[in-house]
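For reference, the structure discussed in these notes is given below.
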Amino acid sequence: MEIEKMISEAEKELYPIFKKIDDAVFENSKKVINAFHNHCISEIHFNSTTGYGYNDIGRDTIERVFAEVLDAESALVRNQFISGSHALNVAFFSILRPGDTCLAISGEPYDTLKEVIGIVENASSLKSFGVEYEQIDLLNDDFDDEKIIETLQKKFYKLIHIQRSRGYSTRESLSIDKLKRIIEKIKTVSPDSVVMVDNCYCEMVETSTPTGVGADIMVGSLIKNLGGSIAPNGAYIAGKKCYVELAGERLTLPGEGREVGPSLGINKDFLRGLYMAPSVVGSSLKMAVLASYLLEKMGCSVSPRYDEHRADIVEMITFGNPDKLIQFVQGIQAGSAIDANAVPEPTDMPGYEDKIIMASGSFVQGSSIEISADGPLREPYIAYLQGSVTYEYGKIALSRAIERMMQE
């Protein structure tokens with residue numbers, strides 16, 4: 001009852017922030033329904049193909065719908081993508097060639113990309129194919145404009161990589177406004193450089209998109225925001241048609257590209273997931289705001305704070321203590337729909353340097369949009385909380401996590 005009273009009082013304080021989230025949900029819902037109408041989505045688009053997947057009307061129409069929603073010329077939306085990291089890998093290898101250089105301007109990328117790039121040695125990395133890599137760190141949680149422009153004036157970089165979400169770092173996620181400003185400057189100095197944005201966790205948090213403000217290509221997962229908790233797997237690559245076509249040929253094979261790839265019954269799930277995405281993202285944001293408000297009052301360091309602008313669905317909670325991190329993550333698992341009786345423990349995971357503890361009691365394995373909390377067992381012992389299909393389910397899981405912490 002004490003926790004319910006805490007939440008009830010918090011919700012009164014947070015009403016104006018929740019209203020702003022609802023307004024964004026409405027605007028993004030209009031974009032989605034307009035795209036459905038503009039492309040005459042009907043039951044025929046639910047049909048499935050097998051084998052080569054030739055002439056899959058549903059698949060091809062879905063890609064046009066996604067392109068419109070994402071303010072892009074074209075989109076590749078496929079169940080053949082295993083994850084967002086896989087789609088990023090495809091995008092990297094489709095654009096970069098031996099002798100090219102990739103410049104990351106948002107600092108070191110997420111753990112699972114380190115072996116793709118060659119920061120961590122791997123015989124199949126970009127580095128092993130003769131692709132060089134350089135990076136410029138953020139400055140006060142923003143792009144280091146001066147250093148970026150100075151660097152671009154000295155050398156041509158084929159691909160400029162931006163990761164919007166914080167990953168397992170402590171820096172802030174990058175807003176559309178910050179993205180728009182730096183892309184305009186990049187295109188003035190180096191118009192032929194391809195700007196690629198890792199947009200995972202960020203879709204529909206704001207009402208604009210990276211490709212809508214000048215990015216050449218962007219990538220994201222469908223077991224995060226745009227899948228709306230419905231898509232069972234998959235990812236997307238969206239942007240200028242020429243780069244999307246290259247990605248299609250890297251995903252399948254040169255000469256066939258995006259013309260092949262069976263939908264295997266997933267078309268309805270992709271459409272339904274996109275249809276639900278604005279609302280699900282809105283619920284996730286409300287959950288993050290509530291968690292930020294309550295956990296800060298309990299003495300944790302949080303980012304973003306409850307009243308700060310958000311660029312993604314992730315809430316960073318710093319416990320400063322490994323036991324508190326473990327208790328919180330175990331509490332989120334206990335409040336989840338699936339495997340609530342399971343007790344997460346820190347363990348080694350492919351692509352990560354530290355042991356990871358993860359709560360993901362979800363219908364889709366590893367889904368971040370349903371409800372999840374995870375973090376590496378390293379100082380300062382941070383949990384990264386994300387998702388909630390509905391605000392109410394998120395509130396229940398958060399209650400269980402706080403209750404577990406209080407008991408301990």
Side-chain angles (χ1 to χ4, degrees), residues 1-18 20-21 141 165-173 201 205 281-336 340 343-344 346 356-362 368-408:
M1 290 300 293
E2 181 184 352
I3 296 172
E4 290 182 8
K5 184 179 178 182
M6 286 169 54
I7 290 175
S8 179
E9 290 175 353
E11 288 173 329
K12 294 174 184 176
E13 180 75 20
L14 297 173
Y15 175 79
I17 298 171
F18 285 2
K20 289 181 180 179
I21 292 171
D141 290 323
S165 192
R166 63 181 11 125
Y168 279 159
S169 73
T170 57
R171 55 92 161 174
E172 291 181 5
S173 300
Y201 302 102
V205 173
V281 171
S283 294
S284 298
L285 290 171
K286 289 179 180 179
M287 159 68 160
V289 168
L290 179 66
S292 178
Y293 183 89
L294 292 176
L295 288 161
E296 185 176 47
K297 285 190 175 296
M298 293 176 65
C300 297
S301 175
V302 296
S303 178
R305 294 190 69 243
Y306 73 94
D307 57 351
E308 289 182 324
H309 180 81
R310 292 176 182 269
D312 64 12
I313 62 169
V314 181
E315 182 63 35
M316 186 181 82
I317 307 155
T318 303
F319 295 98
N321 179 296
D323 293 332
K324 289 182 179 179
L325 166 61
I326 292 169
Q327 290 158 13
F328 179 80
V329 172
Q330 290 176 343
I332 292 294
Q333 183 74 35
S336 301
V343 182
I356 305 292
I357 183 164
M358 177 177 291
S360 182
S362 51
S368 299
I369 195 63
E370 293 184 46
I371 184 71
S372 66
D374 53 279
L377 261 289
R378 64 183 180 221
E379 293 184 345
Y381 302 107
I382 298 169
Y384 297 85
L385 176 69
Q386 56 258 315
S388 187
V389 175
T390 71
Y391 171 65
E392 289 73 21
Y393 283 133
K395 190 162 58 171
I396 292 167
L398 182 61
S399 298
R400 300 286 170 84
I402 292 174
E403 184 177 20
R404 194 181 191 95
M405 291 171 64
M406 286 179 165
Q407 288 173 349
E408 295 292 337

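Any value given below was found using the heavy atoms of this structure, including those in side chains, with hydrogens, waters and symmetry copies removed.
Atom OG of residue Ser360 and atom CD1 of residue Ile332 lie 11.5 Å apart, to the nearest 0.5 angstrom. The CD1 atom of Ile356 sits 9.5 Å away from the OH atom of Tyr384 when rounded to the nearest 0.5 Å. Between atom CD1 of residue Ile402 and atom CD of residue Glu2 there is a gap of 10.5 Å, rounded to the nearest 0.5 Å. Considering OG of Ser372 and CD1 of Ile313, their distance stands at 7.0 Å, rounded to 0.5 Å. Separation of atoms SG (Cys300) and CD1 (Ile382) is listed at 11.5 Å; rounding is to 0.5 Å. Separating the CG atom in Leu290 from the CG atom in Leu295 is a distance of 8.5 Å, to the nearest 0.5 Å.
Looking at Ser399, its side chain does come within 3.5 Å of a backbone N or O of Lys395 through a donor-acceptor pair. Side-chain N or O atoms of Ser173 include none that pairs as donor or acceptor with a backbone N or O of Ala311 at under 3.5 Å. Checking side-chain atoms of Gln330 against main-chain N and O of Pro344 turns up a donor-acceptor pair under 3.5 Å. A donor-acceptor pair under 3.5 Å is absent between the side-chain atoms of Glu370 and the main chain of Ser388, judged by distance alone.
Taking the side chain as every heavy atom from C-beta outward, Ser303 and Thr170 never approach each other to under 4.5 Å. Using a 4.5 Å heavy-atom cutoff, the side chains of Ser165 and Val314 are in contact.
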Candidate pair Gln386 and Asp312, rule side chain to side chain contact (heavy atoms under 4.5 Å, CB included), full reasoning: CA-CA 9 Å; Gln386 56 258 315; Asp312 64 12; over 6 Å; no
Side chain to side chain contact (heavy atoms under 4.5 Å, CB included) between Leu285 and Tyr391, intermediate numbers included: CA-CA 9 Å; Leu285 290 171; Tyr391 171 65; over 6 Å; no
Derivation of the side chain to side chain contact (heavy atoms under 4.5 Å, CB included) call for Phe18 and Lys20: CA-CA 5 Å; Phe18 285 2; Lys20 289 181 180 179; over 6 Å; no
side-chain hydrogen bond (donor to acceptor under 3.5 Å, both in side chains) between Tyr168 and Asp374, intermediate numbers included: CA-CA 9 Å; Tyr168 279 159; Asp374 53 279; 2.3 Å; yes
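The two residues Val343 and Arg404 make their nearest non-hydrogen contact at CG1-NH2, 4.5 Å. Considering all non-hydrogen atoms of both residues, Leu398 and Phe328 come closest at CD1-CE1, 4.2 Å. Closest approach of Gly387 and Ile371 over heavy atoms only: O-CD1, 3.4 Å. Here the closest non-hydrogen pair linking Met406 and Met6 is CE-SD, 3.9 Å. Closest approach of Gly335 to Ala397, counting heavy atoms only: O-CB, 3.8 Å. When all heavy atoms of Val329 and Ala373 are compared, the closest pair comes out as CG1-O, 3.6 Å.
Checked against side chain to side chain contact (heavy atoms under 4.5 Å, CB included), Arg400 has the following partners two or more places apart in sequence or in another chain: Ile396, Glu403.
Of the candidates Arg310, Arg305, Arg166, Lys286, Arg310 is the only one forming a salt bridge (Lys or Arg N to Asp or Glu O under 4.0 Å) with Glu315. Among the candidates Ile3, Ile7, Val302, Val289, the single residue satisfying the side chain to side chain contact (heavy atoms under 4.5 Å, CB included) test with Leu294 is Ile7.
No more than 12 heavy-atom neighbours from other residues, nucleotides or ligands sit within 6.0 angstrom of OH on Tyr393.
Ring geometry, Tyr293 versus Tyr306: the interplanar angle exceeds 60°, so the pair is classed perpendicular (tilted spans 30 to 60°).
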